[in-house]
Q: 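Supplied in structure tokens, the structure appears directly below.
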Amino acid sequence: MVALTFPDGARRDYPENITGLDIAKSISPSLAKRTIAMALDGKLADLSDPIDHDAKIEFLSRDDPRALELIRHDAAHVLAEAVQTLWPGTQVTIGPVIENGFYYDFFRNQPFTAEDLPVIEGKMREIIARDKPFTKEVWSRDEAKRVFADMGESFKVELVDAIPEDQQIKIYKQGDWFDLCRGPHMTSTGKVGSAFKLMKVAGAYWRGDSKREMLSRIYGTAFARQEELDAHLKQIEEAEKRDHRKLGREMDLFHFQEEAPGSVFWHPKGWTLFQTLENYIRRRQIQAGYAEVNAPQLIDSSLWVASGHMATFRDVMFLVEPKEDDERTYVVKPMNCPGHIQIFKNGLKSYRDLPFKIAEFGKVHRFEPSGALHGLLRVRAFTQDDAHIFITEQQIADEVLKVNDLILSIYADFGFDDVRIKFSDRPEKRIGDDAVWGQAEAALMAALKASGRPWTLNKGEGAFYGPKLEYVLRDAIGRDWQCGTVQVDLNMPGRLGAFYIDEHSNKVTPVMLHRAMFGSLERFTGIMIEHYAGHLPLWLSPLQAMVATITSDADDYARQAIAAAQRAGLRVEGDLRNEKINYKVREHSLAKVPVLLVVGKKEAAERSVSIRRLGSERQESMSLDAALGALGREAVPPDVRRMQQAA
RNA sequence: GCUGCCGUAGCUCAGUGGUAGAGCACUCCCUUGGUAAGGGAGAGGUCGUCAGUUCAAUCCUGACCGGCAGCACCA
């Protein structure tokens, strides 16, 4: 007998190996009908599974949040059947559930096109309408391999081989079609319902390995109810609307062109935004005790050989062709650290000089793969808010904590409170002894634990010279961005011959921390544009106010108002064109100007302005002086405001 | 880099084997209008680049460049 505990607390005995379905039927036929799977001690299982141990049992209906994963997984199986029905000979591989849906990877000579998607969807609906039950069989390893090999499913054979010896080979059938799968599944294909949609086709490598076959992937999504699917599609639309590449054009911030792939042409407004962010960081880090420096853009390759970069990253570094009268090969810097180490090395350093903190808005160039480029978010030329902190081993934890606090405080100024920390340890490709790595990882971990912040492990994702913490922030529509980082480096200072003199007059190699807060200014600018959907807070907005006239009678007054706004420290422009106010309001709203100061005859006579804020149709009339005073105060950056309040 | 799709005016896009069109934007004229497009006229393109096929290529073919999506990569 097995004793099962129900959600209401009731506990009943059943014969061993009774199935969930039998129990549901015994309770009520309607329960059996609407149940699509069960959970045993919280773990999802097939309703047809025999139960052989005492457990807490729950029956899941389609509406249970936990059922979503099953709906999507079943949809992936239905997708695979549809594809193999439509195009026999197509090989199936894997079809997992992902964050917003599912995909299935196929192998065939002719890739899918977007036009195929509605056809496949139609076939899927047929399969769902047939409502065949999902049934599970356990096969022997040899049998599974033989069957799949006979079917020409070589990828499935490889998958069978990859299943650990202690695990069963499970086959799920839906009518005549079947697939190797760990399950669980719902009771029948009909339970997938109709709230699904195939989203796109794409290529993907078999087993995620770029040396292996390229497969054809079909992405889809599915929900329990149509309203949820509609909401999801709507959200994708919203995300597209805030695409920084689109907003960058509409707001006249920057552009790209063929001659400089992956490099930004910043327009005046975009560069103002960029510099506003840069100046913010500049103030924050000067206050935190960093000194700003600037190192050469081109440095002889010998330094990059010594640092270890040449060996690890040569193929993504830009090299300058040697001149006839100068045989040297220069490297366009891909990182700032070797330059900063030279600054540390110049002049003998004492332990009294530590911590030695130098920062640079360092423009670096990396030959990123063409397929990786993505607007401002992945470029080949970018500016890091980079800094290096030279310290003793004893100072590691303390300084890492200081960086941690600085990064979190900076993110808070942009409204990012949901920050996750990832700890990345030694990668396969690395320099330095394992003992040194062990030391660096332990020191960084100690600091991380002392911060009291939750974190996750990012195994093998450290830099080639040391372990790192990565800071991931979550934006307004729930997307994660990795920005800040702090890295412990016990390798590079030694390789490049950096040392300080300790209190016993011994030469000692310093520990170096690498840190960045925004990471890349270009990228962070892009993230800001998308996070705020172009509606930047006043202090970040490159054009803070537009003075727009209603009639030319107000032109003189408008010019006075513009001058006064400039004196109040605002970034302001005037629109005195011979256009209707409706037209001007529309145009500047589309350009995401945060404040519209409308002036006509009435305002000119009273020395007032009619204020209209972006995103609102409300108008507020007030005196010019009062308006500029309020806007001037609002435009103060958050860190400056704190200092003013403290003073 | 890989797979697929795409490249026509500043932007969004239509179109054709016989060297091109719309809307918006732009310029000029009329209009001085009170909070998301007033009216009229005009100007603007070697149809991504280079080859090939053809009497003839923006259109067909190939290579290359660039973009988009996904994958791989991201010190």
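All values below were derived from every heavy atom in this structure, side-chain atoms included, with hydrogens, water molecules and symmetry-related copies excluded. In what follows, chains carry the letters A, B, and so on, assigned in the order in which the sequence lines appear, proteins first and then strands, with residues in each chain numbered from 1.
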Q: Between B/C59 and B/G17, how far apart are the two P atoms, rounded to whole Å?
A: 11 Å

Q: Using atom C1' of each nucleotide, how far apart are B/C65 and B/A72 to the nearest Å?
A: 22 Å

Q: Please measure how far the C1' atom in B/G40 lies from the corresponding atom in B/G62, and state the result in whole Å.
A: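 So the two C1' atoms sit 49 Å from each other.
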
Q: Taking B/C47 as the reference, what is the distance to B/U58 when you measure between their P atoms (whole Å, please)?
A: 6 Å

Q: OP1, OP2 of B/A69 versus side-chain N and O of A/His374: anything below 4.0 Å?
A: yes

Q: Give a yes/no answer on whether the side chain of A/Arg249 brings an N or O atom under 4.0 Å of OP1 or OP2 in B/U12.
A: yes

Q: Using a heavy-atom distance cut-off of less than 4.0 Å, which residues of residues 94-121 of chain A contact RNA chain B?
A: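 Nucleic-acid contacts, sorted: A/Pro111.
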
Q: Give a yes or no on whether a salt bridge exists between A/Glu530 and A/Arg479, defined as a side-chain N under 4.0 angstrom from a carboxylate O.
A: yes

Q: Take the angle between the ring planes of A/Phe112 and A/Trp87 and call it parallel below 30°, perpendicular above 60°, tilted in between.
A: perpendicular

Q: Determine, for A/Lys584 against A/Glu587, whether the closest basic-nitrogen to carboxylate-oxygen distance falls under 4.0 angstrom.
A: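 Salt bridge: no.
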
Q: Looking only at the side chain of A/Met214 (C-beta and beyond, no hydrogens), which of the listed nucleotides B/G7, B/U32, B/U3 gets closest?
A: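 Closest nucleotide among those given: B/U3.
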
Q: Suppose you measure atom P in B/A51 against the same atom in B/A56; what distance do you get, rounded to whole Å?
A: 15 Å

Q: State whether A/Asn582 places a side-chain N or O below 4.0 Å from either non-bridging phosphate oxygen (OP1 or OP2) of B/U35.
A: no

Q: Could you measure between the two C1' atoms, the one in B/A57 and the one in B/U8, and give it in whole Å?
A: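 14 Å, rounded to whole Å.
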
Q: Can you check whether A/Arg217 has a side-chain N or O nearer than 4.0 Å to OP1 or OP2 of B/A72?
A: no

Q: Show your working on side-chain contact (heavy atoms from CB on, under 4.5 Å) between A/Ile527 and A/Leu377 and close with a plain yes or no.
A: CA-CA 8 Å; A/Ile527 294 170; A/Leu377 301 181; 4.0 Å; yes

